[in-house]
Structures are given as structure tokens and as C-alpha cells.
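Order of appearance sets the numbers: ligands from 1, and atoms from 1 within every ligand.
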Amino acid sequence: MTTLDDCHRRDAADPLAPLKNLFDLPDGVIYLDGNSLGPLPRATPARVADTMAREWGQDLIQSWNKAGWFQMPRRVGDKIARLIGAGAGEVVATDTTSINLYKVLSAALSIAQADDPARRVIVSERSNFPTDLYIAEALCRERGCSLKLVETDDIAGALSPQVAVLMLTHVNYRTGAMHDMAGVTAAAHAAGILTVWDLAHSAGAVPVDLSGAQADFAVGCGYKYLNGGPGAPAFVWVNPRHTDRAWQPLAGWWGHAAPFAFSPAYQPAAGITRYQCGTQPMLSLAALDCGVDTLLAAGELARAPGGMAALRAKSLALTDLFIDLVESRCDGHGLGLATPREHARRGSQVCLTMNGRAGAAYATVQALIARGVIGDFRAGDGAGHADILRFGFAPLYTGFADVWHAAEHLRAVLTSGEWQRPEFNQHHEVT
Ligand SMILES: *Cc1c(COP(=O)(O)O)cnc(C)c1O
């Protein structure tokens, strides 16, 4: 059986352990919610202050050129590309995940229907993150298409000749289950279907190889594992074989071939630049740049491209340890594992279900937060998906002893019945 001493020994031997110092985490907090909002990198406040005081305050409008503001979405995009198996010039950091999904889904529909107008269906998973489904639903209304939602096991069977696009989130936000991107993409292509991948819970957390998988489109989030700060710009990738084949629908001037020609007619820029829309938030992009740098620092430490292989190995070791400790030390409390045990199917989080009284999972998460162990709760949908206690294990700043203490706090909350206290059973607006 693993002991706390074993965990300390593993931390001491971990070459990635010093990366924790790149972050400004509060004392006494074990942060297992970087999959919802990544923590603050130490470099970010000074960088944002400099962008504000010097670039904006002193250099004013000259900073569009002098500080390279105008290039920022593409410059940060090139860094993100290294984490997701994309090439330079293929990614822009811009807008939100929801907005970028709208752009790529629309372009994918246009391309699919140019080849075969009878393809009028978007397929996704019922358990996908709701904003993805809402965006697809709205686009379908606009384009006279339909959205077909299936369970995970039924995806392969849903790839019919009417389907234009298969839209999936690579790592499921509720369960942490991960798709085989290359395998699913190949199956979609064999059926003449384009793929849109949401990397919100993948970028910076698990290795992603968009080019190797020959995926078609991808979007992802800047404020989760990329540590870009609340509301950080998201990113969008388009396979170069598609980029110039369609307009994206939000054809703003930042996506124009010559924005400063101020021509009344739109002409899309070549390449991924056309996926930009309007003026971007420079303070937020500066913060995102610092967040992405924390992941690239892991690459330098691990001497591996992007460091993702080393981060992945540690992430799996952390999630294996948590599963092991929950099962060996917290048994008898009705906890169940919602995350796949199989490494190839597991993202960087562990999700637990809890039998028993309604609301128990929510209250347990609240009691853990009061003890400084910050995870989160995701409500069930009343249709076969249970309430979830969700714990993200970001290998950049989580240690093995942290995992031990998190499991011990969970055990204490459950054995003492602490979660039943009224203050842990009051619901907040954001869970
Ligand atoms: C977090 C998340 C989003 C967030 O979208 P926003 O537009 O940034 O609010 C979208 N999709 C998935 C799968 C997510 O996990």
C-alpha cells in the first residue's frame, strides 16, 4: 500500500516538480481545478502590468506595430500549435471556444456540402459540453440542417451518408474519457465526413497530434490547462488542406487579406488569419502568452518537444495514484469511478460518482473546498449521467503528496459526515 512517505519520495525524484514554482498558488491549497480555471503563472502580473503601463500607457497606438500587438493572435497561436501537433501558421489565439466552434462548424458544413449537398447532419455526443451542442443547434437552425446526438458507443453507427460533420470533444468534461482521435477521424473520413475536435480538456493536458490524426478542424480553451486567466482567448486550428476552401462566417476585418486597405469588399486572408474576426484583447493575450510559456518550459525541462510526453507520464501517474488511494482508503462510502481505467482512454482528470442522498456529491465538493482541496461538481443530466465530483490533475503544479492529502481529506469528509453540514448544502451560481 502506498504511504505518504512514498509520495514524498516520488516528488523528490520528479524532474518536473520545480515547475510548480512557475505558479503563484495560495498556501495551503491543493488545486485540482486547473481543468476549469488554470492558476496564475508568476510571470503574468508583471507582463500584464508592462503591457498596460508601457505598451498602452506610454507607447499608445504605436504598440500595434512596435509591441507586435497586431501579430499577437498568430504569435501565441504558433506556440499553442507546438502543444497540439499543428504546424506554425496553422493556429490563431482568438475569441472564445464557443465563437470559434461556430466558425469551424460553419466552414466544415460549407466544405462538406460543396462536395455533397445531401449531407445535412451534424453528429455529436449527448454528453458533450452543452455550449458545443448549443452552437451546433443554432447553426443547424440557420442552415436548415439537423443535429443528431448519440451515446459514445453509437458514434460509429451514426456515420451515415447524410452526415456532414462529426463534432466531438476529445476529452469529455464530465468523465475524463478520451477518444482515439486518429481512429475516430479515420472512421469519419472513410464515411466521407469531416471532423471538428474540441480540445478544451486536452491542450496542455494530454498529447494531441492533429496533423498525425489528419483531423480537419479543432478549437480549444485558453483558460483551462493553458493557464491564460479568466476569459482568456481560445484558439482555432484548421487543417491547411481546408483553410482556403471556405469563408468562416464572422468575416471581420482582422480576417481580411488587407485590413488596412479599408476596401468595402471582403477578401479573406490566406491561411488561418482568416479565422480572426475583430480587434483582440491585448491584455488577455499577454496573459495567455505567459500561460502557454509555462507549458513550453516543461518541454525544456523534459527535453522533449512540448514536454507533453513527460507531462503525460506524470499525469497518468497522478491519476493512477488518486484512483488507487480513493479505492483503498475511501471505500464503503458509495464512491464510483466515472473515468476510464485504461490509460489510452483517460484524460488528466478523475471523476467520481457518489451513491446515496441527492446532493451528496455537491456537498462533498463544498466540504473539500473548505479544507483547501479545490475540485468541482458537475450536475447529472437526469438521463443516465450521474452527478460528478471532478478532480483535475495538472502535472505542471500537482505533486504526489498533494494527491495523497486530497484523498485523505476526501476520506475525512466522508467518514465524519462533515459534508452534511448546512453550509455545504447551499448552492452557488457557479459550480
Ligand atoms: C470549457 C469548455 C468550453 C468553454 O467555452 P467558452 O466559449 O470559453 O465559454 C467549451 N467546450 C468545452 C468542451 C469546454 O470544456
Side-chain angles (χ1 to χ4, degrees), residues 32-39 73 76 80 84 91-106 122-139 147 149 152 155 165-179 181 184 195-206 208 210 215 217-237 248-250 275 277-278 280-281 284-285 287-288 291-292 338-339 346-349 351 375-379 381 385 388 390-394 429-431:
L32 305 179
D33 215 359
N35 51 334
S36 202
L37 175 65
V76 178
I80 295 171
I84 57 174
V91 176
V92 281
T94 186
D95 299 331
T96 66
T97 307
S98 304
I99 292 171
N100 289 332
L101 252 179
Y102 180 76
K103 297 176 200 166
V104 297
L105 270 179
S106 173
I122 297 174
V123 169
S124 192
E125 273 177 289
R126 188 165 287 115
S127 63
N128 201 344
F129 190 86
T131 201
D132 298 43
L133 303 181
Y134 303 157
I135 293 285
E137 189 181 340
L139 183 67
L147 174 64
L149 300 183
T152 311
I155 294 171
V165 182
L166 173 62
M167 173 188 79
L168 293 174
T169 295
H170 181 223
V171 174
N172 186 283
Y173 81 107
R174 288 173 49 82
T175 63
M178 183 164 71
H179 284 292
M181 182 185 285
V184 173
T195 53
V196 169
W197 290 98
D198 187 331
L199 305 178
H201 291 275
S202 309
V206 300
V208 176
L210 289 168
F217 298 86
V219 299
C221 188
Y223 52 78
K224 292 174 179 159
Y225 290 103
L226 298 185
N227 308 313
F235 64 87
V236 50
W237 171 83
Q248 58 96 350
L250 304 176
Y275 278 79
C277 178
Q280 292 301 299
S284 292
L285 273 166
L288 175 62
V292 174
T339 303
R346 190 194 307 160
S348 199
Q349 67 193 51
C351 303
D376 64 20
F377 165 82
R378 287 294 174 259
D381 60 3
H385 301 113
I388 293 272
R390 190 171 72 153
F391 303 97
F393 293 88
E429 192 173 13
V430 174
T431 60

Atom 7 (O) of ligand 1 - nearest protein heavy atom and its distance | Ser98 OG, 2.6 Å

One finds that the ligand 1 atoms under 4.0 Å from a non-hydrogen atom of Thr96 are 7 (O)

Do any N or O atoms from the side chain of Asn100 and from the backbone of Asp95 form a donor-acceptor pair under 3.5 angstrom?
-> no

Backbone N or O of Val104 within a donor-acceptor pair of the Gln248 side chain at under 3.5 Å?
-> no

Output for pair (Thr94 OG1, Leu285 CG), nearest 0.5 Å, gives 7.5 Å

Provide the number and element of each atom of ligand 1 under 4.0 Å from a heavy atom of His201.
-> 15 (O)

Applying a 4.0 Å heavy-atom criterion (strictly less than), which segment of Ile99 is in contact with ligand 1: side chain, backbone, both, or neither?
-> neither

Asn172 CG to Thr152 OG1 distance, which is reported to the nearest 0.5 Å = 7.0 Å

Roughly how far, to the nearest 0.5 Å, is CD1 of Ile80 from CZ of Phe235?
-> 6.0 Å

Heavy-atom nearest neighbour in the protein, as seen from atom 8 (O) of ligand 1, with distance rounded to 0.1 Å | Tyr223 OH, 2.8 Å

Just by distance, do the side chain of Arg174 and the backbone of Arg390 share a donor-acceptor pair under 3.5 Å?
-> no

Going by heavy atoms in the side chains, are Thr339 and Cys351 under 4.5 Å from each other?
-> yes

What do you reckon, does Thr169 have a nitrogen or oxygen under 3.5 Å from a nitrogen or oxygen of ligand 1?
-> no

Numbering the atoms of ligand 1 from 1, which are under 4.0 Å from a heavy atom of Ala200?
-> 2 (C), 12 (C), 13 (C), 14 (C), 15 (O)

Could you tell me whether some N/O pair between Thr131 and ligand 1 is separated by less than 3.5 angstrom?
-> no

Please state which protein non-hydrogen atom is closest to atom 3 (C) of ligand 1 and give its distance, to 0.1 Å?
-> Lys224 NZ, 3.6 Å

Identity and separation of the nearest protein heavy atom to atom 5 (O) of ligand 1 | Thr97 CB, 3.5 Å

N or O contact, Asn128 vs ligand 1, cut-off under 3.5 Å = no

Give a yes or no answer on whether the side chain of Ser124 reaches the backbone of Met167 with a donor-acceptor pair at less than 3.5 Å.
-> yes

